[in-house]
Protein chains: 2
Amino acid sequence: MMATGAARPRRATIHDVAAEAGLSRGTVSRVINGERYVSDDARVAVEAAIAKVGYVRNTAARNLKTQQSHAIGLIVHEPHSLFLEDPVIGAILLGTNAILSEADYQLVSLVIDSDRDSDRVAEYLSGGFVDGVIIISARSGDPIAHAVVRLGIPAAFVGHPPDIDGIPFIGIDNFAGAKAITERLLATGRRRVGMIASALDRDSGQDRLAGFRAALGDAFDSNLVVDYPLYSHGTGLSGMRELLSRAPDIDGVFAASDSIAAGALDGLREAGRRVPDDVGIVGFDDSAWALRCQPTLSTVRQPADALGRLAAERVLSQLRGEQVPESGTLLPTSIVWRDSA
Amino acid sequence: MMATGAARPRRATIHDVAAEAGLSRGTVSRVINGERYVSDDARVAVEAAIAKVGYVRNTAARNLKTQQSHAIGLIVHEPHSLFLEDPVIGAILLGTNAILSEADYQLVSLVIDSDRDSDRVAEYLSGGFVDGVIIISARSGDPIAHAVVRLGIPAAFVGHPPDIDGIPFIGIDNFAGAKAITERLLATGRRRVGMIASALDRDSGQDRLAGFRAALGDAFDSNLVVDYPLYSHGTGLSGMRELLSRAPDIDGVFAASDSIAAGALDGLREAGRRVPDDVGIVGFDDSAWALRCQPTLSTVRQPADALGRLAAERVLSQLRGEQVPESGTLLPTSIVWRDSA
DNA sequence: GCCCAGTCTGGGAACGTTCACAGATATACA
DNA sequence: TGTATATCTGTGAACGTTCCCAGACTGGGC
């Protein structure tokens with residue numbers, strides 16, 4: 001048996017619509033694109049004809065003529081495994097997609113894992129396959145980000161790589177969020193509070209550490225801070241072990257992400273410490289981890305969907321030739337208090 | 001300050017390459033598409049010219065002329081929230097993407113949440129934006145799946161909706177996997193074993209239940225089976241409570257997914273039962289949940305990446321006009337034994 | 001009655017590619 | 001040598017759209 005698709009019927013073109021409506025190509029095109037100078041009679045006739053012949057615009061022809069792709073690239077610079085696990089990235093993606101599809105743009109996701117991918121993506125960008133890009137979690141010295149600047153492609157960052165200017169960015173106020181939750185943790189009466197930091201090559205990592213430091217003020221003790229490259233469960237586990245060995249009397253921990261907090265919880269369990277009785281622990285992100293943990297995590301909620309939406313809007317307005325603030329926008333976070341502290 | 005991109009330079013076309021190489025359009029096109037009847041001299045000259053002028057093929061023009069989109073749709077029929085949380089879907093996506101980008105096809109993800117989306121996607125498909133589709137987790141009576149059959153679009157299912165024929169499918173052997181892990185659970189000496197089933201409107205849900213039943217044989221007791229629509233943590237929690245109330249002496253549980261198992265663990269914890277001492281519990285998927293749970297889950301591993309790859313290959317071979325087995329392919333699973341049973 | 005501005009419509013040309021065809025050259029066989 | 005066949009190359013036409021220009025018609029102001 002075979003299962004090759006039956007020959008699909010020829011699709012209706014703008015010419016079919018024009019013939020059906022008794023008008024010309026030009027007029028049909030004007031109706032489709034909502035331009036001025038179309039009589040009501042013509043508009044009605046064209047719309048009826050479109051419905052009758054089942055016309056759908058041929059994107060390839062439009063793209064060819066207008067020299068645009070009507071696609072926006074979403075560049076995610078994370079290992080594939082993290083892309084799978086990190087619901088924040090997924091939520092950003094969904095928010096972006098919602099805005100773009102409203103504006104008749106297609107979202108193209110590009111996940112960069114290895115450096116080999118990085119070259120491939122840079123080539124892709126110069127190929128004109130996308131009209132603009134949204135870049136998530138770029139790092140310092142990111143080759144893609146620099147390629148985007150060089151090519152002059154309309155772009156927006158989610159998060160802000162410290163070494164690149166001239167591209168608007170959307171972020172959350174990591175500093176304020178970290179400061180607020182650390183203060184809240186201190187308010188529960190903790191005396192020896194440490195932090196498991198991460199991703200210090202990115203603004204998010206740096207700012208969360210800075211917020212933690214600001215909250216502690218004079219009580220800050222650099223000996224109670226450990227850092228690892230990845231926001232991951234493994235980071236939390238190793239970090240917690242290290243903190244416990246450095247300071248067995250530790251009674252509070254700010255983990256730079258929920259996944260790290262989850263790992264830290266396992267580290268505490270392993271050491272026989274009770275949470276929150278012996279040690280209070282707080283995370284960051286309010287991801288799916290937070291509710292899954294035992295006990296559930298007190299954490300900082302970030303508006304991931306809004307980040308994606310706003311970034312998409314920034315790129316679209318550049319495409320429309322509008323002025324875009326070159327500086328960035330920081331969205332506020334909120335604290336979700338549960339059982340872990 | 002403004003941040004509109006600088007005017008991008010005109011892209012090189014096939015004409016530029018032809019002029020640079022001192023050959024014609026046609027020959028350049030033949031080299032690009034790897035056709036026969038090109039002399040070695042010409043090939044070398046064209047390749048050098050392409051590199052020199054930095055030529056990248058204009059997809060829109062190609063798509064217009066060939067009447068193809070060179071895109072494959074990945075239709076995910078799940079709520080957005082599940083799309084974010086389910087790493088199996090993510091892994092399928094990555095596998096699919098790997099194969100498609102090798103073959104110079106673009107992956108377009110379409111997430112169907114509401115029925116409104118369903119209409120939108122059906123319209124999208126008839127618009128010729130994709131040359132083929134891969135459909136994940138279709139249900140019985142799925143309107144999209146039926147639209148695909150009606151339109152004759154080359155397609156492949158991941159998983160098999162019970163009521164649709166004529167489209168090849170790739171699945172895992174849910175029956176064998178469920179049977180094997182249930183037998184393994186029984187081998188630990190459990191006497192009263194129940195199941196929290198789910199998604200009985202899909203083959204995966206049905207087959208896992210059937211495998212469980214087959215493993216138990218005469219010992220099967222329908223009173224020890226509960227079912228809920230969603231593979232989720234909530235299902236596991238509610239299901240475990242229900243099972244405990246029906247059979248307080250239950251000592252083993254097969255959860256139809258890891259997320260359900262995680263919920264069941266919380267249900268057992270709530271009731272003061274120890275795992276695995278009092279109750280042994282096993283899951284299905286070997287997703288990120290499995291390692292996160294306390295204790296870590298014994299579960300069935302499914303080759304999600306391979307599922308995605310194989311589905312992509314099935315669609316591509318249909319596109320090449322090759323014969324495709326109309327029946328499906330079931331990939332084997334393996335058991336990962338950890339601490340929960 | 002004339003002119004100008006505003007409104008509306010039609011059709012040529014172009015976007016960059018692939019495909020089919022025709023012509024040119026080389027190779028093989030009788 | 002002639003003829004058939006295989007290999008290689010160039011060119012016109014087409015894919016379906018948008019943009020631009022030219023022209024037709026309308027109405028208002030003089």
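Numbered from 1 within each chain, the chains take letters A, B, ... in sequence-line order.
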Euclidean distance, atom [atom1] of residue [X] to atom [atom2] of [N] [Å, nearest integer]:
{"X": "B:Tyr37", "N": "C:dC21", "atom1": "OH", "atom2": "P", "value": "15 Å"}
{"X": "A:Arg25", "N": "D:dT18", "atom1": "CZ", "atom2": "P", "value": "10 Å"}
{"X": "B:Glu35", "N": "D:dG10", "atom1": "CD", "atom2": "C1'", "value": "14 Å"}
{"X": "A:Leu64", "N": "C:dA14", "atom1": "CG", "atom2": "C1'", "value": "9 Å"}
{"X": "A:Phe129", "N": "C:dG16", "atom1": "CZ", "atom2": "P", "value": "14 Å"}
{"X": "A:Asp40", "N": "C:dT9", "atom1": "CG", "atom2": "P", "value": "10 Å"}
{"X": "B:Tyr55", "N": "C:dT17", "atom1": "OH", "atom2": "C1'", "value": "7 Å"}
{"X": "A:Asp41", "N": "C:dC8", "atom1": "CG", "atom2": "P", "value": "10 Å"}

Practice problem: Working to the nearest 0.5 Å, report the span between OG1 of A:Thr27 and OH of A:Tyr37. | Solution: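 That separation rounds to 14.5 Å.
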Which part of the nucleic acid does [X] contact within heavy-atom distance under 4.0 Å: base, sugar-phosphate only, or nothing?
{"X": "A:Arg57", "answer": "sugar-phosphate"}
{"X": "A:Ala60", "answer": "nothing"}
{"X": "A:Leu23", "answer": "sugar-phosphate"}
{"X": "A:Asn63", "answer": "nothing"}

By nearest atom, which of the nucleotides [options] is closest to the [X] side chain?
{"X": "B:Ser39", "options": "D:dC8, C:dC15, C:dC8", "answer": "D:dC8"}
{"X": "B:Asn33", "options": "D:dT18, D:dT9, C:dT18", "answer": "C:dT18"}
{"X": "B:Ala42", "options": "D:dT9, C:dC8, D:dC15", "answer": "D:dT9"}
{"X": "A:Lys65", "options": "D:dC15, C:dT17, C:dA13", "answer": "C:dA13"}
{"X": "A:Ser29", "options": "D:dT18, D:dT9, C:dT17", "answer": "D:dT18"}

Practice problem: Looking only at non-hydrogen atoms, find the nearest pair between B:Leu319 and B:Pro154 and report the distance. | Solution: CD1-CG, 3.5 Å
Quiz item: Looking only at heavy atoms, which two atoms of B:Ala49 and B:Glu20 are closest? And how far apart?
Solution: CB-CG, 3.6 Å
Quiz item: Is A:Asp142 paired with A:Arg202 through a side-chain N to carboxylate O contact shorter than 4.0 Å?
Solution: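 No salt bridge links A:Arg202 with A:Asp142.
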Exercise. Could you tell me whether A:Asp16 and A:Lys52 make a salt bridge, using a distance below 4.0 angstrom between a side-chain N and a carboxylate O?
Key: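 No salt bridge links A:Asp16 with A:Lys52.
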Quiz item: Which sits closer to the 5' end of DNA chain D, A:Gly26 or B:Arg30, going by the nucleotide each is nearest to?
Solution: B:Arg30
Quiz item: Toward the 5' end of DNA chain D, which comes first, B:Thr66 or B:Thr27, by nearest nucleotide?
Solution: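 Nearest-nucleotide comparison on DNA chain D picks B:Thr27.
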Quiz item: Does A:Thr13 make a side-chain N or O approach to OP1 or OP2 of D:dG16 shorter than 4.0 Å?
Solution: no
Quiz item: Are B:Gln67 and D:dG16 close enough that a side-chain N or O sits under 4.0 Å from OP1 or OP2?
Solution: yes
Quiz item: Are any side-chain N or O atoms of B:Ser317 and backbone N or O atoms of B:Glu322, one a donor and one an acceptor, separated by less than 3.5 Å?
Solution: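 Between the backbone of B:Glu322 and the side chain of B:Ser317 there is no qualifying donor-acceptor contact (under 3.5 Å).
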